[in-house]
Amino acid sequence: AGKRLPLPSSHDELHSLAGALNDLLARRDEAADRLRRFTGDAAHELRSPVASIRVQAEVAVRHPDPELSQEVLTDVVHESERLSALVDGLLTLARSDAGEVPPAEPVDLTAAAHAAAARCTSDDGPEVVVHTPTGLSWVWAAHNEVDLVLDNLLRNAVRHARSLITVTVITGSNVTRLVVDDDGSGIAAEHRQRVFDRFYRVQDDRARSSGGTGLGLALVAEVIRRRGGTVRVAESPEGGARFLVSWRTTSLS
Ligand code: ADP
């Protein structure tokens, strides 16, 4: 408060001031457009699990056949889980948009990667191989942010891999990298930028069959960017997708 721009004293200054103001207005319009689109998309995405839960619950009420209700109720449970993941994701994004960022601390990416790999390994799923440096690798973030990144990247990899997922942690003096490779069908170049957009999906199956929300990678990008890190997707030497994340390395001294 109290800050004032100096009054322009020449035609050139006035001209450049008008230019700067126009840029500002254009940016504000873009932000408003983005917000409108996001609200509309969110409402659309929330409608589908809600409608499905309602229809199925009505079926279960009308047909008191225990076998049918069992089947229908199992679907209701799945749709409720998806709804709850959607609402959680929307809340996290809304908080972040409002500038609410949880406190950061040094987090050992090596330990977090091993724990996440264990969480997503199953007997009938792809093999998950983890390569980490022998020591610890500290990154500056909140614990749940690191888990969110790992869980979303690994869940996607499990969904798309044929048989192998590789998780690699590389520690440098400035940057600590996380690389997640899978041997699935990968992401075509034209989608690589946009998969980090909210609700963007490669195939428009709305990810219903896979239980996805379309928010996973948007959340990943959000929690990484707000710590000054980067994330991108490329083609993996294993044939599928390669997600590359970098965080600032934290020294404990
Ligand atoms: P969803 O919850 O629908 O999976 P995400 O934001 O996690 O949403 O992913 C966005 C899109 O990127 C999805 O359409 C998904 O198909 C694609 N995608 C994400 N990870 C991979 C991967 N490892 N291999 C191929 N496609 C992927």
Side-chain angles (χ1 to χ4, degrees), residues 34 37-38 40-50 52 78-94 96-97 113 116-117 119-122 125-131 144-168 177-226 229-245:
R34 252 201 317 275
R37 210 171 325 125
F38 179 49
D41 286 351
H44 179 81
E45 296 284 338
L46 289 167
R47 266 177 86 157
S48 120
V50 170
S52 158
H78 286 155
E79 286 298 305
S80 310
E81 283 167 354
R82 206 161 73 82
L83 186 59
S84 159
L86 252 169
V87 171
D88 288 348
L90 286 171
L91 255 171
T92 303
L93 287 171
S96 198
D97 289 347
R119 280 198 292 277
C120 76
T121 302
S122 65
E127 189 188 353
V128 185
V129 179
V130 186
H131 298 292
N144 62 6
E145 292 175 330
V146 173
D147 287 343
L148 181 151
V149 169
L150 283 159
D151 286 341
N152 275 293
L153 294 182
L154 283 171
R155 215 178 301 133
N156 281 344
V158 165
R159 225 177 260 161
H160 293 96
R162 263 190 294 273
S163 61
L164 180 67
I165 296 167
T166 315
V167 180
T168 313
R177 284 178 214 287
L178 166 73
V179 186
V180 178
D181 285 300
D182 67 64
D183 62 354
S185 50
I187 298 177
E190 69 263 30
H191 298 294
R192 284 188 198 145
Q193 202 59 48
R194 301 202 55 199
V195 287
F196 298 101
D197 291 351
R198 298 173 183 190
F199 298 122
Y200 185 80
R201 296 183 179 100
V202 172
Q203 297 100 2
D204 198 28
D205 64 351
R206 290 281 174 206
R208 269 167 208 140
S209 51
S210 58
T213 62
L215 287 179
L217 291 176
L219 284 161
V220 166
E222 181 71 23
V223 304
I224 290 168
R225 277 187 207 131
R226 72 187 183 193
T230 61
V231 58
R232 64 191 178 88
V233 63
E235 193 178 341
S236 165
E238 287 170 19
R242 157 171 282 185
F243 283 87
L244 294 127
V245 179

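When a ligand or atom number is given, it counts from 1 through the structure's own listing order. For this chain, numbers begin at 1 and follow the sequence in order. Side-chain atoms are counted along with the backbone in the values below, which use heavy atoms only and exclude waters and symmetry mates.
Those atoms of ligand 1 that come under 4.0 Å of a heavy atom in Ile187, given as number and element, are 18 (N), 21 (C), 25 (C), 26 (N), 27 (C). Those atoms of ligand 1 with a heavy atom of Ala241 less than 4.0 angstrom away are 22 (C), 23 (N), 24 (N). Distances below 4.0 Å separate heavy atoms of Gly212 from the following atoms of ligand 1: 2 (O). Less than 4.0 angstrom separates some heavy atom of Asp182 from each of these atoms of ligand 1: 22 (C), 23 (N), 24 (N). Ligand 1 places these atoms under 4.0 Å from at least one heavy atom of Tyr200: 10 (C), 11 (C). Within ligand 1, counting atoms from 1 as listed, the ones closer than 4.0 Å to a heavy atom of Thr213 are 2 (O). Annotation for ligand 1: atoms under 4.0 Å from non-hydrogen atoms of Arg201 are 3 (O), 14 (O).
By the criterion of a heavy-atom distance under 4.0 Å, the side chain of Arg159, and not its backbone, is placed next to ligand 1. If you look at His160 next to ligand 1, the close heavy atoms, those under 4.0 Å, all belong to the side chain.
Heavy atoms of Gly184 stay at 4.0 angstrom or farther from ligand 1. Judged by the shortest distance from any of its heavy atoms, Asn152 lies outside the 4.0 Å radius around the atoms of ligand 1. The shell of residues lying under 4.0 angstrom from ligand 1, judged by heavy atoms, includes Gly214. Ligand 1 does not have Phe196 within reach: every non-hydrogen atom of the residue lies 4.0 Å or more from it.
Counting all heavy atoms, side chain and backbone alike, Cys120 lies closest to Val158 at O-CG2, 3.9 Å.
Taking only non-hydrogen atoms, the option from Val233, Leu217, Leu153 nearest to atom 9 (O) of ligand 1 is Leu217.
Between the side chains of Asp183 and Ser236, no donor-acceptor pair is found at a separation under 3.5 Å. Using a 3.5 Å distance cut-off with no hydrogens or angles, the side chains of Thr166 and Asp181 do not pair a donor with an acceptor.
For the pair Arg34 and Arg198, the minimum side-chain heavy-atom distance is 4.5 Å or more. Using a 4.5 Å cut-off on side-chain heavy atoms (C-beta onward), Ile224 and Thr230 make no contact. The shortest distance between side-chain heavy atoms of Leu90 and Phe38 falls below 4.5 Å.
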Item to check | Evaluation steps, side-chain contact (heavy atoms from CB on, under 4.5 Å), between Leu217 and Asn152 | outcome: CA-CA 7 Å; Leu217 291 176; Asn152 275 293; 5.7 Å; no

Item to check | Full working for side-chain contact (heavy atoms from CB on, under 4.5 Å) between Val231 and Leu153 | outcome: CA-CA 11 Å; Val231 58; Leu153 294 182; 5.6 Å; no

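Between Phe196 and Phe243, the ring planes lie perpendicular to each other; the angle is over 60°, past the 30° to 60° tilted range.
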